Amino acid sequence: MKRRWRRMALLGVVSVVAAACGGGGGGAGEPLQELGDGEGQVNIVAWAGYIEDGSTDPAYDWVTQFEQDTGCQVEVKTAATSDEMVTLMQEGSGFDLVTASGDASLRLINGGTVQPINLDLIPSYSTVDERLQNASWHTGDTDGDGEAEHYGTPYQWGSNVLMYNTDAFGGTAPTSWGVVFEEQTLPDGATNAGRVQAYDGPIYIADAALYLMAHEPGLGITDPYALNRDQFNAALDLLRQQRTLVARYWHDAFIQIDDFTNEGIAASSSWPFQVNLLKAGGAPIDSTIPSEGATGWADTTMMHVSAPHPNCAYMWMEWSLNPKVQGDLAAWFGSVPAAPAACTGNELLTDEGCSVNGFDSFERIHFWKTPQSDCFEPGSGKECVAYHEWVTQYLAVIGGR
Amino acid sequence: MSVGSDVGGFPDAPGARPSVSRRVSAFFFRHPRVRLAVMLGPGLAWLGVLYLGSLGALLVQSFYRLEEFTGLMVREFGLATYRVLFDRANVDIILRTTAMAAAVTLACAVIAFPLAYFTARYASSRMKALLYLGVVMPLWSAYLVRVYSWKLILAKEGVFNWFVERIGLDGVLDALLRLPGIGGPSLSQSYLGMFIVFVYIWLPYMILPLMAALERVPATLLEASGDLGARPGRTFHRVILPLALPGVIAGSIFTFSLTLGDFIIPTIIGDSSFFIGAAVYVQQGTAGNLPLAAALAVVPLAIMAVYLVLAKRAGAFEAL
């Protein structure tokens, strides 16, 4: 009796350990060759506000029509960070699609979590902004046949901006990110120390690299996401200097809004979302893209490697490129459509909407992508600092090391 | 002589089958070991598989390491991850968290003691119920809501600053905020503010066990101490404190371990410096560095183990 119990306990421990050790793996299957009937449902992991069915505001609804046309019921699971998206997809509990940003998409591709898609089944792909069609954050030659596979359809993109308090800057827009990196006296006569914020994510190291790209050409940075050891250390030094100025790092849009309202913050990297909300509330706030350019995000609808509803997933990807959907979404989210046709004639976005949200700054934006140890050039022999080290080092910088 | 049909005292008529529930209870009556297994099984399975199992998995993970070049996890046993754990940046995080937990525990004990003492000794039963309710009531509202409202209260343009200015103490507050290490641009952006919020959030967990412990201290002992000539201070030191020590230790285990593990407050209040909880969250989520996250998560376990051993040495569990 006693011995049997012991054996069963051992079995339990072993199975727990085995479960912990298992997971991962799962090869990418062949993409769908022919569109079949819908499965009646499609499950999407998305940013909050990305997939609206009219329940928040009846004017913003790009789900109901799709459901009527295809019979595919849309189920949305919202995620708050790229990391949450990656985790949700890796756990693989029945999700078909994810609206992944560039700092998640390569992780999903390399981890074998998403599958290549068959562009023949998405006729609208040709209407996608040519600047996005073959972007590096959703394509890659993973099977080694010399031809890049596509891992999804571009959804929306946008830019990080320099948000500033117009009172502190005397009504003129700052022209350089220097106001958040270098100690200086702002036009209102007070120092910027304790009055600036920085983004609380390791990807922000790229913002420092972007600043150095313009001001320290000797470092030879060409891509703020592909940094060799020297460039990476220089960026960290700049961030350590910034640490002495930063009162708090932000990651929650509403905390940042609160800090600009109640803590007297003068400048920070931010998103159009916060700028629009603060301006709408009458705060003395504006934003700009300084001379160095800016980092930004571009989101891609990607398909899970074992998506349970592949036909509905393809139908959604096709639908998501529809100009009406793209324009309504851009108006709602403060982003730029992936399909330029959406920029004209959309009631909600208006004809100025695209340029207000940054359509013409595309060349000045360096889009988020997960840093890779091979500098995005496999086989070139180059060595870049990998993302996990970005994380540990940025943690140390915030901790004052 | 006829043999009675109700053998063993069962009242059932001969031939009739006993009901199902009776047969089940009879079965358990005859097999006490099975009964014990059925009663203890669910709880033990929960503890054994879910709790100890996941703890074991955590420990195992912490001995894996992350391959430097690819950033992928290598499932080989080794101490590489623990070497990373003792990098200066990580040691900073551990020390920062432990110092905060110790300060919060101390402050909670000092604040909670008089309140608990009054409630246990002097309050009428009506008053006692009221005080008890007052202590427990904050726990009824959501933790996040309370932390966010503290952020607003402590903001530079928040109500606390306004009040301090009104009573003319803003100079004192500014001087406090200029202190190196614990200061900052405003209370909500400093360690001082974080400390205040931590103390507020965990205080009930100190008060409740203290109340229970102080209620058990017999009043006669205090009178005896006075009769034998001890001044109040001496009575407190030699009688009340030793007898209430189990309560203090129980409360401090709550406040200390809860502060060690919290990852919400340090991300909302303070200057964004990392604490163990937040570092674990970032390492496993953002960095995908499960081994380091696991190793970091082992730290509070180790600290608590040391703490409990010290508490036992101090005789905290003898009076239980």
Side-chain angles (χ1 to χ4, degrees), chain A residues 1 5 9 12-13 15-17 19-21 24 81-84 86-87 90 103 107 110-111 193-195 197-198 200-203 243 246-252 254-255 258-259 261-265 370 372-374 383 386-401, chain B residues 33 37 44-45 48-50 52-54 56-58 60-61 64 66-73 75 84 87-90 92-93 96 148 151-152 154-158 161 184-186 188-190 267-275 278-279 281-290 292:
Chain A
M1 188 82 170
W5 275 113
V13 171
S15 63
V16 166
V17 172
C21 300
T81 63
S82 287
D83 310 308
E84 203 179 330
V86 172
T87 311
Q90 280 171 349
D103 59 332
R107 270 188 274 168
N110 292 348
R195 293 205 293 157
Q197 289 192 334
D200 181 12
I203 203 75
R243 180 68 185 101
V246 167
R248 175 151 53 217
Y249 290 77
W250 75 274
H251 61 272
D252 179 319
F254 289 96
I255 292 189
D258 182 49
D259 285 342
T261 319
N262 291 322
E263 299 280 8
I265 300 296
T370 311
Q372 307 280 307
S373 47
D374 63 5
E383 270 189 38
Y387 185 60
H388 74 93
E389 201 174 332
W390 284 47
V391 179
T392 41
Q393 293 298 335
Y394 197 56
L395 223 83
V397 168
I398 293 180
R401 283 279 181 216
Chain B
R33 275 160 171 270
L44 279 181
V49 177
L50 290 179
L52 291 180
S54 50
L58 182 85
V60 168
Q61 302 257 3
Y64 294 157
L66 214 63
E67 171 66 43
E68 274 298 314
F69 189 65
T70 57
L72 293 175
M73 193 158 90
R75 294 173 203 281
V84 178
D87 279 355
R88 275 172 70 186
N90 291 326
D92 277 354
I93 292 174
R96 187 182 296 134
Y148 272 97
K151 180 182 183 298
L152 285 175
L154 297 178
K156 187 178 266 175
E157 283 155 46
N161 258 21
S186 75
S188 94
Q189 301 176 86
S190 66
T267 57
I268 296 176
I269 316 275
D271 74 344
S272 300
S273 289
F274 276 88
F275 278 60
Y281 183 74
V282 168
Q283 288 295 358
Q284 69 88 24
T286 314
N289 194 342
L290 265 178
L292 186 54

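These numbers were taken from a predicted model, which means no experiment stands behind them. Just so we're on the same page: letters track the sequence lines, and every chain starts at 1.
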Taking every heavy-atom pair that is under 4.5 Å apart, which of Gly184(B), Gly270(B), Gly158(B) has the most such pairs with chain A? Gly270(B)
Between [X] and [Y], what is the shortest heavy-atom contact and its length?
{"X": "Lys156(B)", "Y": "Glu263(A)", "value": "N-OE1, 3.0 Å"}
{"X": "Gly399(A)", "Y": "Ser273(B)", "value": "CA-OG, 4.1 Å"}
{"X": "Tyr148(B)", "Y": "Asp252(A)", "value": "OH-OD2, 3.2 Å"}
{"X": "Gly264(A)", "Y": "Glu157(B)", "value": "N-OE2, 4.0 Å"}

Identify which part of [X] has an atom lying under 4.5 Å from any heavy atom of chain A, answering side chain, backbone, both or neither.
{"X": "Ile93(B)", "value": "side chain"}
{"X": "Asp92(B)", "value": "side chain"}
{"X": "Leu50(B)", "value": "neither"}

In terms of heavy-atom pairs under 4.5 Å with chain B, which of Asp103(A), Val86(A), Asp259(A) leads? Asp259(A)
Is it the side chain or the backbone of [X] that comes within 4.5 Å of chain B heavy atoms, both, or neither?
{"X": "Arg243(A)", "value": "side chain"}
{"X": "Thr261(A)", "value": "backbone"}
{"X": "Asp200(A)", "value": "side chain"}

Separation of Ile255(A) CD1 from Ile268(B) CD1 (nearest 0.5 Å): 5.0 Å
What distance separates Leu154(B) CG from Asn262(A) CG, expressed to the nearest 0.5 Å? 11.5 Å
When you look at His251(A) and Ser272(B), which way does the side chain to side chain contact (heavy atoms under 4.5 Å, CB included) test go after all the steps? CA-CA 10 Å; His251(A) 61 272; Ser272(B) 300; over 6 Å; no
Examine distances only and state if a side-chain atom of Arg248(A) and a backbone atom of Ser190(B) form a donor-acceptor pair shorter than 3.5 Å.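 No: the side chain of Arg248(A) does not pair with the backbone of Ser190(B).
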Using a 4.5 Å cut-off on heavy atoms from C-beta on, say whether the side chain of Leu395(A) contacts that of Gln283(B). yes
Is the shortest side-chain heavy-atom distance between Thr392(A) and Asp87(B) below 4.5 Å? no
